[in-house]
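Just dropping this structure here.
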Amino acid sequence: MKKFINDPGDVVAQALAGLAAAHPELRVDPDNQLVIRGDAPVRGKTGIVSGGGSGHEPLHGGFVGPGMLDAACAGEVFTSPVPDAILAATRAADGGAGVLHIVKNYTGDVLNFEMAAELAGDEGIAVETVLVDDDVAVQDSTWTAGRRGTGATLIVEKVAGALATEGASLKDVAAIGRLVNERSGSFAVALTAATTPAAGRPGFDLPDDEMEVGVGIHGEPGRRRAKVTRAHDVAALMVDAILTAKPGGGDAIVLVNGLGGTPLIELYVLFGEVSRLLGERDVTIARSLVGNYVTSLDMAGAALTVCHADEEILRLWDAPVRTPGLRWGV
Amino acid sequence: MKKFINDPGDVVAQALAGLAAAHPELRVDPDNQLVIRGDAPVRGKTGIVSGGGSGHEPLHGGFVGPGMLDAACAGEVFTSPVPDAILAATRAADGGAGVLHIVKNYTGDVLNFEMAAELAGDEGIAVETVLVDDDVAVQDSTWTAGRRGTGATLIVEKVAGALATEGASLKDVAAIGRLVNERSGSFAVALTAATTPAAGRPGFDLPDDEMEVGVGIHGEPGRRRAKVTRAHDVAALMVDAILTAKPGGGDAIVLVNGLGGTPLIELYVLFGEVSRLLGERDVTIARSLVGNYVTSLDMAGAALTVCHADEEILRLWDAPVRTPGLRWGV
Amino acid sequence: MNVEQAREWIAAIAATVEAEAETLTRLDSAIGDGDHGANLKRGFAAVRAALDGFEAHTVGDVLTKTGATLISKVGGASGPLYGSAFRAMGKTLTSPDVTTEQLGDALDAGLAAIRKLGGAQPGDKTMVDAWLPAVAAFRRKGPQAAATAAEEAARATTDLQARKGRASYLGERSIGHQDPGATSTALIFRALA
Amino acid sequence: MNVEQAREWIAAIAATVEAEAETLTRLDSAIGDGDHGANLKRGFAAVRAALDGFEAHTVGDVLTKTGATLISKVGGASGPLYGSAFRAMGKTLTSPDVTTEQLGDALDAGLAAIRKLGGAQPGDKTMVDAWLPAVAAFRRKGPQAAATAAEEAARATTDLQARKGRASYLGERSIGHQDPGATSTALIFRALA
Ligand SMILES: Nc1ncnc2c1ncn2[C@@H]1O[C@H](COP(=O)(O)OP(=O)(O)O)[C@@H](O)[C@H]1O
Ligand SMILES: Nc1ncnc2c1ncn2[C@@H]1O[C@H](COP(=O)(O)OP(=O)(O)O)[C@@H](O)[C@H]1O
Ligand SMILES: [Mg+2]
Ligand SMILES: [Mg+2]
Ligand SMILES: [Mg+2]
Ligand SMILES: [Mg+2]
């Protein structure tokens, strides 16, 4: 394993220290591994907290700031944070109007956030939860853990953050978050496995001409293995899967998201293909992002997220945001 | 080779098509492989053109837009653009006040930009050139090709772009660009080699416990090979090399830049170390960027750039910018 | 089981989890995210530190403290699940010395807590598949049988398709791999034997 | 050399550059950025297309067109350098048929253009190191000797430390590798022999 780290056990703590040094406008709580808006809690504003395992940077700590999150909890690499930390984040975010938890749908994240929400409730903080489960590679069923939360998390955080900034109630902020999630689908393909600092070697071996199709963002293998194909075919696979699970036309927010080890030039090639294919299916790319936003350490791979957006969602997407990872309009 | 591409010969053209689809506010000239501000030329403004081989994304096309570049030329991967393309970019950028060429110091870039400048001169367009040569891993000497242009290019483009936006003359814009370059030093370390689409395999083999020290951004090997060390020691090596070649204290703009295959979490660990080390040497991180900005395809590695900034440079750094790769203040 | 024996049980779990951390991580790499070993190692190291000097009057005090510490230090799926199990066990064991029957009831309460929290059914390829036969065996034949039953059940998860936890994302590809959580459950029961 | 022979020379260069592209790229990977083969292949393919149907009245017309095309299609260091060389040669050969002596003068003008543009000294481990002895040998003994001299000189760049071009960034590590540009220069002279 070759990484710019000091010690596999301390990666998250030290990355947070680096984030704190780079962003004096944010507050880092090293004990609870939190990233907090410098001016939190904002009086009267619905607070927004997200978090999860680390290794997905800039998600979530990179999305803390005006217009998006009030606080983010960084668990160990690929390990959801603990209730105490989530509770601390919730307290830090609460400006008296309650706090929204944006939770990616993984058993660990769900359980720890649930416990934290209970503890926060005991303290008199109103908490609502939006569960993000956009990854259409996984079949949805009440008998299983359900779909994973991946790229749509960014859109949920952005849109909910914008509505909260306008002074909306906890209930309304939660509702728009759920709407965005419901209208979003994602699908990812990996060319290499991720190497966690703790394991020290790639999570799986992948021959030099194969890819994992339908992967998540935790370095796990995908739904199936296939021969590597041209960018056009990869894009077609992604677009098909998403529009099958989440049909729709008209305006969309489209994210072509690198998994950490894939350079921008390839993501743009992929975006070109995606844009052509979506056009053929009467989906209009109203807004887009191309880059490494919701990652899986050093995994080479890419994910497509499509969110069928209405005017309100687009308006909130366009609203000013000022965070390390996303910034516009301010 | 596993990449999200369709054909190794068409990567640059297709990535530009993707960029055009993602950024309707920009204009892409597919024949000359140019990225141009949608509203270029801006009447009366000093135009700014940069460019070079592709594979360094978001540099340069990702830095086209208000507050930064008017046009960027994308050569083939790691191959400088041709004079015709640079001339076309220069024409597109010329609003009547002349055009600044920001050129990274590589023989190919220098020669092709020189020829284009001559051709532009023949057409009556005034051209000045800023040569960026910040990579202190290379010894400076009049007998050699000199130092390479790397991370400081971004700072030169940003600061010169801001001054041009204020209406400054070509001469003054060139002068601030040269000042920024003179005050900047960079140093990079690679953990893996880059794979160009044309070659199809990594440029060099690197054992699992070794790194290349003092690499550039074209996938070439570095000045020497060494055992991989902790992030702290890598940071110390970088800081030492830069402050030896470019001594100075006080305010600095600091860029911890990934080479394409290194995830953000590691860059933040590195930034934490850099910030401590610079503090010990009385350098104040006045502004910073952490991320993949000046890359070398999929190379795992990181570079540090330090620019000793005065008040004017900081003011121009803070000025509004709206490009795919950098955006703030607007 | 008295307070001292309860402490010994937890210490034995901590030791075996530390020794087997790599195995657990390897199992979790195949069908999960490769952190189960690290999670439990970190968790039980914290439990060890928390119990050191902690004044426990009842067996339940030890187990409740263990559960609370796991919840606040592990994270992931296994943190809340094991943490809740130990907390549930602790709540039922309110005296300094408890009978084997009381311990059996406590283990059953632990299992119930896991099932309630995680919603897994038997056969979903989770720790529930090891807990269930282990608790039954404990009640019928005691700790040795429980450990053996848990180990056998953990091995038997290999043939199952996961319907809960991260392994469920792999669909049919989860078949052929032993569940890491069921494996660590077997370690917990072996430490009790 | 007449116009037809000039065309044949360029066609021969295009063929050999295409055949040897991988070798050139491999050499450039070791001490440069691994594109020299692709650059020249792309360039001479464009030259071929440009000359096809192009009406050339003099030998110089062919070479000037070649140079201009290389400049506008190759990029990198070798594009302007080779492009300027061919353009400089073309300028001196203003008749439909030229003597060997005139061709020798033209090659010298080509070398001068490379040296003026790139500023490389002999021994800097560049294409200049092959051009220099090749031009000298051409003048003394003709095209065969020139090709042999270029090939020997290209091989001899192996022991040099680069002071110009990308290989210079490697410092002492550039020693032990043959210069790609000197190697392609040898191909150009071999195509003339
Ligand atoms: N819903 C659930 N109910 C019971 N056990 C579960 C459930 N989900 C996961 N598990 C258990 O947790 C184990 C994984 O734990 P761990 O790797 O520590 O957490 P994570 O999956 O969050 O990385 C699985 O092997 C499985 O036995
Ligand atoms: N200043 C120079 N003068 C003469 N030849 C040079 C100079 N710089 C580089 N070269 C030649 O160019 C060759 C590299 O060409 P190429 O790989 O096509 O361009 P680049 O270096 O821009 O990638 C080198 O091997 C060397 O022979
Ligand atoms: Mg985990
Ligand atoms: Mg090149
Ligand atoms: Mg796990
Ligand atoms: Mg080259």
Side-chain angles (χ1 to χ4, degrees), chain B residues 8-9 33 51-53 55 73 75-87 106-116 135 137-139 141-148 193-204 212 214-225 296, chain D residues 21-22 24-26 28-43 45-46 68-84 87 113-114 116-121 123-127 161-174 177 181:
Chain B
Q33 302 196 158
C73 316
E76 292 306 309
V77 171
F78 293 167
T79 301
S80 83
V82 295
D84 303 23
I86 302 168
L87 176 62
Y106 301 99
T107 308
D109 294 62
V110 170
L111 297 183
N112 286 285
F113 269 92
E114 256 173 29
M115 290 185 164
D135 183 2
V138 174
Q139 289 309 41
S141 149
T142 46
W143 302 106
T144 67
R147 287 179 168 151
R148 295 174 284 217
T195 298
T196 62
R201 50 188 145 63
F204 51 82
E212 286 280 345
V215 296
I217 53 172
H218 292 87
E220 67 269 43
R223 299 294 294 195
R224 60 186 176 87
R225 207 164 259 203
S296 184
Chain D
E22 275 211 34
L24 296 175
T25 287
R26 192 169 35 74
D28 197 33
S29 288
I31 54 172
D33 58 353
D35 62 356
H36 190 54
N39 285 348
L40 293 190
K41 203 170 133 179
R42 185 175 65 250
T69 307
L70 290 177
I71 288 174
S72 69
K73 294 293 172 186
V74 176
S78 57
L81 290 169
Y82 278 136
S84 300
R87 244 181 13 180
I114 291 174
K116 175 153 177 265
L117 195 62
Q121 298 292 326
D124 281 357
K125 194 176 184 125
T126 70
M127 54 175 71
Q161 174 169 341
R163 274 189 299 262
K164 285 279 189 254
R166 288 184 196 285
S168 70
Y169 307 137
L170 272 75
E172 292 180 358
R173 286 179 82 182
S174 64
H177 301 275

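Throughout, a chain's letter reflects where its sequence line sits, starting with A, and its residues are numbered from 1. The analysis underlying the following values was restricted to heavy atoms, covering all of them including side chains, and did not include hydrogens, waters or symmetry mates.
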Item to check | Contacting region of S84(D) [heavy-atom separation from chain B under 4.5 Å] | outcome: side chain
Checklist outcome for this item: The interface call for D84(B) against chain D, heavy-atom contacts under 4.5 Å, is side chain
Item to check | Minimum side-chain heavy-atom gap I31(D)-K125(D) below 4.5 Å | outcome: yes
Checklist entry - Between A30(D) and chain B, which part of the residue has a heavy atom less than 4.5 Å away: side chain, backbone, both or neither? => result backbone
Item to check | Inter-residue atom distance S29(D).OG - E220(B).CD, 0.5 Å rounding | outcome: 11.0 Å
Checklist entry - Between P81(B) and chain D, which part of the residue has a heavy atom less than 4.5 Å away: side chain, backbone, both or neither? => result backbone
Next on the checklist: I need the E212(B) CD to R224(B) CZ distance, nearest 0.5 Å.
Outcome noted: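 Reported to 0.5 Å precision, the distance equals 10.0 Å.
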N/O donor to acceptor pairs below 3.5 angstrom from side-chain atoms of residues 33-41 of chain D, sequence neighbours left out:
unit_1 : atom_1 : unit_2  : atom_2 : d
D33(D) : OD2    : R166(D) : NE     : 2.8
D33(D) : OD2    : R166(D) : NH2    : 3.3
D35(D) : OD1    : N39(D)  : ND2    : 3.4
D35(D) : OD2    : T79(B)  : OG1    : 2.5
D35(D) : OD2    : N39(D)  : ND2    : 3.4
H36(D) : NE2    : S184(D) : OG     : 2.8
N39(D) : OD1    : T79(B)  : OG1    : 3.3
N39(D) : OD1    : R42(D)  : NH2    : 3.2
N39(D) : ND2    : D35(D)  : O      : 3.4

Checklist entry - Hey, which of D28(D), I71(D), T25(D) has the most heavy atom pairs under 4.5 Å with chain B? => result I71(D)
Item to check | Value rounded to 0.5 Å, distance of CG in N112(B) from CG in D109(B) | outcome: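 If we round to the nearest 0.5 Å, N112(B):CG and D109(B):CG are 7.5 Å apart.
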Item to check | Winner by heavy-atom pair count (cut-off under 4.5 Å) against chain B, out of S72(D), A77(D), G76(D) | outcome: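 Looking at each of S72(D), A77(D), G76(D) in turn, G76(D) comes out on top.
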Checklist entry - Is it the side chain or the backbone of E76(B) that comes within 4.5 Å of chain D heavy atoms, both, or neither? => result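 The side chain, not the backbone.
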Checklist entry - Does the ring centre of H218(B) sit less than 6.0 Å away from the ring centre of Y106(B)? => result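 Between H218(B) and Y106(B), which both carry aromatic rings, the centre distance is below 6.0 Å.
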